[in-house]
Each structure stands twice: as C-alpha cells, then as structure tokens.
There are 2 protein chains.
Amino acid sequence: MDDKPIERLLAAGLVVFAERGFREATVRDICARAGTNISAIRYYFTSKEMLYREVLAYSFREADRKYPQAAFSDESLPASDRLKIFIRHLLMRLLDESDLGFHARLMAREIAEPTEALHFIIDTVMKPRFLILRELIPQLVGDTLDHTDIDRVIHCIIGQCLVFRHSKPMIERLCPEVISSPEAIDRTADMIIRFSLGGLRALDPSPGSLL
Amino acid sequence: MDDKPIERLLAAGLVVFAERGFREATVRDICARAGTNISAIRYYFTSKEMLYREVLAYSFREADRKYPQAAFSDESLPASDRLKIFIRHLLMRLLDESDLGFHARLMAREIAEPTEALHFIIDTVMKPRFLILRELIPQLVGDTLDHTDIDRVIHCIIGQCLVFRHSKPMIERLCPEVISSPEAIDRTADMIIRFSLGGLRALDPSPGSLL
DNA sequence: ATCCTATTCAAACAGGCGTTTGAATGCAAG
DNA sequence: CTTGCATTCAAACGCCTGTTTGAATAGGAT
C-alpha cells in the first residue's frame with residue numbers, strides 16, 4: 001500500500017472501477033480498499049466522477065510506463081513483424097491479470113459502455129494505434145482494398161484479441177484451457193497471428209506476396 | 001403496444017435490460033414503457049430479477065421464431081458454406097437494430113458481465129452452436145490442430161463478429177462507415193468470411209484444401 | 001343487485017448510494 | 001503552550017432504488 005491517500009485512492013479506484021464499472025462501483029468500497037475515510041474522495045477529488053477521470057489518466061500513465069512505446073511503431077521493421085508484435089502485445093495486455101490488466105479492463109469497459117471520457121480515451125490511446133494499423137495493413141494486402149475495407153480488416157484483427165477478454169466468462173465455461181495459463185495465452189497469440197496473416201494473404205491478389 | 005400487461009412488460013423489459021443492463025435498468029422505467037403501474041412487476045413476476053429471467057426466455061423465443069433453425073446446422077451442405085452462413089447470420093443478429101438486436105445485446109451483456117442466468121444461456125444457446133463449430137472447423141483445417149487450438153480458432157472467428165457489436169461506440173467514432181448501412185454491414189460480413197477462410201487455409205497444411 | 005376475484009393504483013417503506021457537514025485530530029510554526 | 005492549517009473521521013442528508021401495502025376499480029357469476 002502506498003503512503004499518500006491520493007495514490008491509494010487512485011490505485012483502489014483503478015481496481016474497483018475496472019471490476020465493477022463506474023456506476024456499480026461504490027465510493028465506500030473504493031475508500032475501504034484505499035484505507036481512507038469516505039469523505040477523502042470529496043476532499044481530494046471533489047466527487048466520484050472526478051476521481052474516475054483521474055483514475056483513467058493514472059491508468060494511462062501506469063500502462064505507458066510498463067509498456068513504453070511499443071516496438072510495433074518502429075517503421076524500420078517489416079510490416080508483418082510489426083503486426084505480429086501488435087497482436088501479441090494487445091492480447092497480453094488484455095489478459096494480463098496484474099495491475100496492467102485493470103487498465104485493459106477499464107478501457108474495454110469504456111469501449112463497450114462509454115462515459116463522457118470515451119472521446120478522450122479514443123483520441124489518446126486508440127486512435128494513434130489505429131492510424132498505425134491503417135498504414136500497416138495496406139502494406140500487407142496491396143492496393144486492392146479501399147479505406148473502408150482496411151478499417152474492416154483492422155477490426156477483424158483486434159476483434160480476435162478482444163474476444164478473449166470480454167467473452168472470458170463464456171470461455172471459462174466452454175473451454176477454459178485456451179487462456180488458462182501464460183503458455184496457453186501464448187499459444188492463443190500464435191494462433192491469432194497465424195490466422196490473421198492467413199486472412200490477410202487471402203485479401204492480397206498479388207502472387208508474390210510479402211506474407 | 002400489445003394488449004396484455006405481461007406481454008408489454010416483457011417487451012419493455014427486453015428493451016431496457018438490453019440498453020442499460022440488469023442493474024442500471026429501473027423498474028419505474030420499464031413500467032413506464034409498458035404503460036403499467038410499478039407494482040405490476042411484483043404482481044405478474046414477483047420481482048425485478050424474476051422479470052429479467054422471463055425476459056431472457058422471452059428473448060430466446062422471439063429470436064428463434066425470427067431466425068428458426070439456422071441452415072448452418074444442415075449437415076448436407078459443404079463445411080465452408082455452413083461457416084459462411086454462420087458468420088453472416090451471427091453478424092446480422094448482432095447488428096440488427098430491430099427487436100432482434102435487443103436479444104443480441106442482451107446476450108452480449110450476459111457474456112461480458114454474467115448474472116446467474118449465464119449458465120442457462122450458455123447451455124441453451126451458446127453451447128449447441130459452439131459444438132457445431134467444433135465439428136465444422138476440423139473439416140476445414142484437417143487433423144493438424146488439437147481440440148484446444150480448434151477452440152481458439154472458433155473464438156477468432158466469432159470474435160471478428162462480436163467486435164462490431166461491442167466496440168460499436170468506438171467504431172462509430174473512428175470509422176462509422178464500416179457498419180453505417182445494411183450494405184456496409186453486408187460488406188463487413190463478406191470481409192469477415194474472406195478473412196476467416198484465409199485464416200483457416202493458413203492453418204491447413206494439405207495442398208489440395210477444401211477451401 | 002350482490003358477491004367474489006382479478007387487477008390497478010398511489011403512496012409509503014427500507015436500504016444503499018453519493019455527498020455533505022462539523023467536529024476531532026495531528027502537526028509544524030510562532 | 002498556542003495558534004493555524006491540513007487532514008481525518010463518524011454521522012447525517014437527500015435522493016433514488018426495488019419492494020410492499022392497502023385501498024380503489026372492474027367485471028363476470030350467482
């Protein structure tokens with residue numbers, strides 16, 4: 001447990017908001033975890049909603065600290081390698097059960113049921129990655145697809161990663177083995193990569209494809 | 001509006017539960033939509049939770065009535081055709097904005113944040129479809145994958161469909177065109193099918209593949 | 001008309017929520 | 001020690017929730 005109440009509230013808020021969502025999270029629960037009095041939220045953040053915004057910012061800071069500038073934005077690497085890195089990176093973050101996992105869960109929540117903070121999140125973390133994929137994918141499928149189809153392909157790829165996070169309850173009932181261990185998650189990442197590269201190859205009509 | 005209060009409450013409950021989730025939905029809102037008094041829920045369903053269960057059952061009934069026994073379980077068709085039907089079917093249901101869309105949203109909610117009803121839903125609607133895919137996929141990729149990898153592939157495929165439902169808020173901000181019209185959704189389904197068949201081909205080492 | 005049952009209704013209830021209060025506490029500076 | 005300020009605390013506030021109540025209403029059977 002950190003020393004200052006502000007840090008403790010941010011850390012506790014991250015956990016509770018990630019697990020229960022904004023509305024279902026209670027300030028009493030957050031404060032209990034943080035070991036503070038209820039009114040500490042008002043004192044330091046003025047309201048639950050302001051705390052939530054600060055938790056989001058805190059979450060981004062922590063995530064960027066642990067996963068700094070992903071190598072997938074390194075333009076000197078081959079496009080297919082960059083895509084592989086992106087997929088593995090994304091899946092790991094999504095299924096990470098440490099502090100980092102809360103960040104992923106928090107964002108998954110915002111995507112599915114946006115608060116007013118969604119625009120900020122999209123522009124800050126989603127859009128930059130999205131734009132990189134927008135220039136990456138055409139390098140892998142040639143010029144046959146228009147920009148809308150490129151966006152479709154991008155979602156096909158990230159959807160394969162997201163499903164393992166947000167359908168987790170179903171997965172754990174139907175086939176828990178696919179993500180039950182770090183090795184299993186690793187194999188899942190491999191599978192998504194093989195599957196996606198195969199999918200991209202099917203979209204590229206040129207015979208001597210880069211893939 | 002239907003005639004009987006029970007029907008009206010079920011229909012209103014479907015809409016409100018699908019849009020707000022179980023906890024955030026209020027009985028006052030549901031009753032207002034249904035045009036009944038608040039205590040009608042107690043009178044006909046004894047509690048909000050019992051109403052929710054009945055809404056789930058009602059939702060399944062309605063969905064099966066509109067999308068009866070999908071052709072994709074027709075074993076006389078080629079496996080690849082059955083997969084195509086499955087993908088198109090699933091995406092259409094997920095993005096359908098009519099009554100049927102509420103059914104899909106309701107289930108998407110249960111998958112992401114299960115109530116006690118999840119087990120029932122999984123065994124009733126998910127598992128049967130999942131088991132069909134479990135026998136379908138091996139026909140398309142040969143015998144090279146163990147059953148866990150088959151389950152991974154299944155999730156890669158359904159993940160591509162699910163992402164367009166549950167990342168909708170993000171899609172509508174980053175690239176709304178991909179699902180902005182029935183034609184666009186149709187093109188998205190085509191893309192998922194091409195992408196998935198390509199992915200499956202990449203997993204099948206045999207030269208003269210069925211794909 | 002009278003009774004009985006089914007249904008509707010407005011009002012209130014208890015509990016949990018985020019927020020607010022005002023006093024208690026700690027602690028460094030004068 | 002005293003002052004002043006930042007911080008903590010228990011308690012209460014007002015609001016909204018699901019639920020409950022008991023009376024009002026309706027409509028068919030006798």
*Asks:* Do B/Lys48's NZ or CZ and the ring of B/Phe22 fall within the cation-pi criteria of under 6.0 Å and 45°?
*Replies:* yes

*Asks:* Grab the CZ-C1' distance between A/Arg8 and D/dT8 for me, whole Å please.
*Replies:* 11 Å

*Asks:* Provide, to the nearest angstrom, the distance between the CD atom belonging to A/Glu24 and the P atom belonging to D/dT17.
*Replies:* 14 Å

*Asks:* Give A/Ile38 one of three labels, base, sugar-phosphate or nothing, depending on what nucleic acid heavy atoms sit under 4.0 Å from its own.
*Replies:* base

*Asks:* From CE of A/Met50 over to C1' of C/dT19, roughly how many Å is that when rounded to an integer?
*Replies:* 14 Å

*Asks:* Which one, D/dT8, C/dG18, C/dT8, comes nearest to the side chain of B/Tyr43?
*Replies:* C/dT8

*Asks:* Show me the side-chain donor-acceptor pairs of residues 35-45 of chain B shorter than 3.5 Å, one per line, residues at least two apart or across chains.
*Replies:*
| residue | atom | partner | partner atom | Å |
| --- | --- | --- | --- | --- |
| B/Asn37 | OD1 | B/Ser39 | N | 3.0 |
| B/Asn37 | OD1 | B/Ser39 | OG | 2.8 |

*Asks:* Tell me whether the OP1 or OP2 atom of D/dA6 has a side-chain N or O from A/Tyr44 closer than 4.0 Å.
*Replies:* no

*Asks:* D/dT19, D/dA10, C/dT19: which one has an atom nearest the side-chain heavy atoms of A/Asn37?
*Replies:* D/dA10

*Asks:* Considering residues at least two apart in sequence or located in another chain, which fulfil the side chain to side chain contact (heavy atoms under 4.5 Å, CB included) criterion with A/Val125?
*Replies:* A/Phe60, A/Met107, A/Ile121, A/Arg129

*Asks:* Write down the distance between CZ (B/Arg23) and C1' (C/dC17), rounded to a whole number of angstrom.
*Replies:* 10 Å

*Asks:* Centroid separation under 6.0 Å, is that true for the rings of B/Phe195 and A/His155?
*Replies:* no

*Asks:* Could you tell me if the side chain of A/Gln160 sits less than 4.5 Å from the side chain of B/Gln160, heavy atoms only?
*Replies:* yes

*Asks:* For the pair made of CD1 in B/Ile6 and C1' in C/dA6, what is the distance, rounded to whole Å?
*Replies:* 12 Å

*Asks:* Could you give the CD1-to-C1' distance, from A/Ile41 to C/dT19, as a whole number of Å?
*Replies:* 10 Å

*Asks:* The side chain of B/Thr26 is closest to which nucleotide in this list: C/dT8, D/dT17, D/dT19?
*Replies:* D/dT17

*Asks:* D/dT17 P sits how many Å from B/Phe17 CZ, rounded?
*Replies:* 13 Å

*Asks:* In whole angstrom, give the distance that lies between atom CZ of A/Phe45 and atom C1' of C/dG18.
*Replies:* 16 Å

*Asks:* Look at the side chain of A/Arg28 and the base of C/dG16, then say whether one donor and one acceptor between them are separated by less than 3.5 Å.
*Replies:* no

*Asks:* On the side chain of A/Ser39, is there an atom forming a donor-acceptor pair with the base of D/dC9 - under 3.5 Å, no angle test?
*Replies:* yes

*Asks:* Can you tell me if A/Arg42 touches the phosphate of C/dT19, counting only side-chain N or O atoms and a distance under 4.0 Å to OP1 or OP2?
*Replies:* no

